[in-house]
Every structure is written in C-alpha cells, then in structure tokens.
Amino acid sequence: MPETCDVVINIWKDFHELYKIMTSNSTTTPEICDSFFQKAKNWINLFTSLRTSSIHKGYSRASVTPYMHSLVYHVSRFMQLYRSVKIFTGQGVEKNNDVARKVVLLKSNNKNPTSDVLELECRQWELRDSERVKRSYSKKDAHYWETEIRNKRRKSS
C-alpha cells in the first residue's frame with residue numbers, strides 16, 4: 001500500500017511540474033520545451049501504472065481524458081513552437097463573460113440584455129479616466145455642532 005501511495009503522490013508532483021512549465025510567464029528555454037513531450041508522456045504512463053491497483057480506482061487507461069491527451073500531444077507541440085501556452089488562454093474572454101452575466105442577472109431589466117451589457121461597457125469606457133469629485137460640505141449651524149449637540153448627549157445619558 002505505501003508503494004501505490006507514493007506513486008499517487010509522484011503523479012501529482014509531476015503534474016505540478018508540468019503545470020509550472022506550461023503556465024510560466026517567462027519564455028522557457030528550448031530544451032525545456034523540447035523535453036515537455038517526454039515528461040508529459042512519462043506522466044501519463046505513471047498515471048496508468050496504477051491500473052491494476054484495487055486501492056486507487058480512477059487511474060486506468062479509461063480514465064485518461066481528452067485533456068490529458070491534449071497535454072501530451074498538443075500542448076507539447078505548442079510549447080515547442082511558441083515556448084509558452086499563456087498566449088492561448090481565454091481568461092480575458094471568461095472575465096468578460098462573468099461581468100456580462102452579472103449585468104444581466106443583477107443590473108438588467110432583462111428586456112434587452114445584450115443592449116444593457118453594451119451600454120454598461122460604453123459608460124465604463126467613457127468614465128475610465130474620471131475621478132469622483134467630493135462635494136463640499138459646510139455646517140449650517142456651527143454653534144449647534146460645537147456646543148448644543150454635546151449638551152443634548154449629556155442630558156440623554
């Protein structure tokens with residue numbers, strides 16, 4: 001049993017290493033990118049090495065997902081060609097979708113949600129360089145704020 005637990009730990013440590021290489025902001029060296037395919041393939045082999053384990057279910061060949069296939073064969077190719085896969089992320093699009101959903105669900109009359117989202121985007125774009133100007137406030141009755149309010153509070157306590 002400890003042997004298979006060590007294998008599971010190594011599977012996820014190796015995946016963490018692959019993930020760090022994939023998501024690095026800096027351009028990785030060609031040697032690292034070229035060895036990515038072999039590292040990913042070794043990771044899949046390690047993953048499926050537990051297929052006979054009755055203790056750890058879910059590590060069979062049938063559990064290899066299309067994402068894992070993409071990691072080995074497609075991501076490794078992108079790493080060789082472009083030295084990073086960060087340029088292919090859709091995080092900006094996903095964030096815009098989250099903001100649009102929030103507008104539609106919380107701030108829209110739902111009669112024309114597309115128009116509501118676009119109008120909000122336009123207003124935010126126009127106001128992007130603006131700062132809120134604080135209103136000036138002057139006390140109308142300075143005597144009240146300096147003395148009378150203190151006297152009222154003393155009487156009530």
Side-chain angles (χ1 to χ4, degrees), residues 8-44 46-48 57-154 156-157:
V8 171
I9 290 169
N10 286 337
I11 287 170
W12 296 111
K13 281 183 179 179
D14 290 351
F15 179 77
H16 180 68
E17 290 299 316
L18 289 170
Y19 186 77
K20 283 195 313 190
I21 294 169
M22 278 189 307
T23 59
S24 67
N25 284 332
S26 62
T27 306
T28 55
T29 62
E31 296 81 30
I32 291 174
C33 293
D34 292 340
S35 68
F36 187 86
F37 172 77
Q38 195 57 46
K39 287 180 182 179
K41 196 170 178 182
N42 291 341
W43 178 75
I44 293 288
L46 185 62
F47 183 90
T48 57
K57 305 247 186 258
Y59 290 93
S60 64
R61 286 188 189 270
S63 298
V64 175
T65 66
Y67 295 112
M68 295 162 91
H69 163 83
S70 294
L71 175 71
V72 176
Y73 293 101
H74 302 289
V75 172
S76 63
R77 182 71 178 138
F78 289 146
M79 292 294 291
Q80 289 171 345
L81 292 174
Y82 305 108
R83 304 287 179 239
S84 177
V85 292
K86 274 288 209 190
I87 57 175
F88 299 106
T89 63
Q91 290 174 334
V93 174
E94 291 297 326
K95 183 61 181 173
N96 283 344
N97 184 45
D98 290 344
V99 170
R101 280 181 50 84
K102 194 172 193 177
V103 168
V104 169
L105 295 175
L106 300 176
K107 300 176 183 176
S108 172
N109 62 12
N110 292 329
K111 292 184 179 172
N112 191 354
T114 308
S115 175
D116 292 341
V117 170
L118 292 173
E119 287 173 0
L120 178 73
E121 286 282 325
C122 183
R123 283 194 305 271
Q124 287 178 336
W125 183 257
E126 289 173 358
L127 296 172
R128 72 185 179 278
D129 296 325
S130 300
E131 293 251 351
R132 180 176 171 266
V133 179
K134 290 185 177 182
R135 279 190 314 179
S136 61
Y137 176 76
S138 58
K139 296 177 183 177
K140 302 278 185 198
D141 187 5
H143 176 70
Y144 172 79
W145 290 105
E146 291 170 5
T147 55
E148 288 183 37
I149 196 166
R150 287 186 189 142
N151 293 335
K152 282 184 179 182
R153 288 181 181 166
R154 280 187 201 137
S156 65
S157 57

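Positions are given from 1, in the same order as the sequence printed here. Computed from a predicted model, the values in this text were never measured in an experiment.
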Can you list everything that forms a side chain to side chain donor-acceptor pair (under 3.5 Å) with T147? Sequence neighbours excluded, please.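 Only H143 meet the side chain to side chain donor-acceptor pair (under 3.5 Å) criterion with T147.
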Under the side chain to side chain donor-acceptor pair (under 3.5 Å) test, which residues partner W145, sequence neighbours left out?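 By the side chain to side chain donor-acceptor pair (under 3.5 Å) rule, W145 matches no residue at all.
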Which atom pairs, donor and acceptor, lie under 3.5 Å between side-chain atoms of residues 94-105 and protein residues at least two apart or in another chain?
none

Taking only residues two or more places apart in sequence or in another chain, which ones pass ring pair (Phe, Tyr, Trp, His ring centres under 6.0 Å) with F15?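 F15 satisfies ring pair (Phe, Tyr, Trp, His ring centres under 6.0 Å) with W12, W43 only.
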Within the 4.5 Å heavy-atom criterion, are D116 and L120 side-chain neighbours or not?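 Not touching, per the 4.5 Å side-chain cut-off.
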Spacing of NZ belonging to K39 relative to CD1 belonging to I21, to within rounding of 0.5 Å: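 One gets 4.0 Å once the value is rounded to the nearest 0.5 Å.
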What pairs of donor and acceptor atoms, side-chain ones from residues 127-138 against any protein atom, are under 3.5 angstrom apart with sequence neighbours left out?
residue, atom, partner, partner atom, Å
R128, NH1, W125, O, 2.5

Closest contact, heavy atoms only, L71 versus M22: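 In this case the closest contact between L71 and M22 is CD1-SD, 3.4 Å.
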Given side-chain contact (heavy atoms from CB on, under 4.5 Å), test D14 with L18 step by step and report yes or no. CA-CA 6 Å; D14 290 351; L18 289 170; 5.6 Å; no
Side chain to side chain contact (heavy atoms under 4.5 Å, CB included) partners of [X], counting only residues at least two apart:
X: Q38; value: N42
X: E126; value: C122
X: K152; value: Y144
X: F37; value: K41, V72, Y73, S76

Please list, chain by chain and in numerical order, all residues satisfying salt bridge (Lys or Arg N to Asp or Glu O under 4.0 Å) with E119, sequence neighbours excluded.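 E119 satisfies salt bridge (Lys or Arg N to Asp or Glu O under 4.0 Å) with no other residue.
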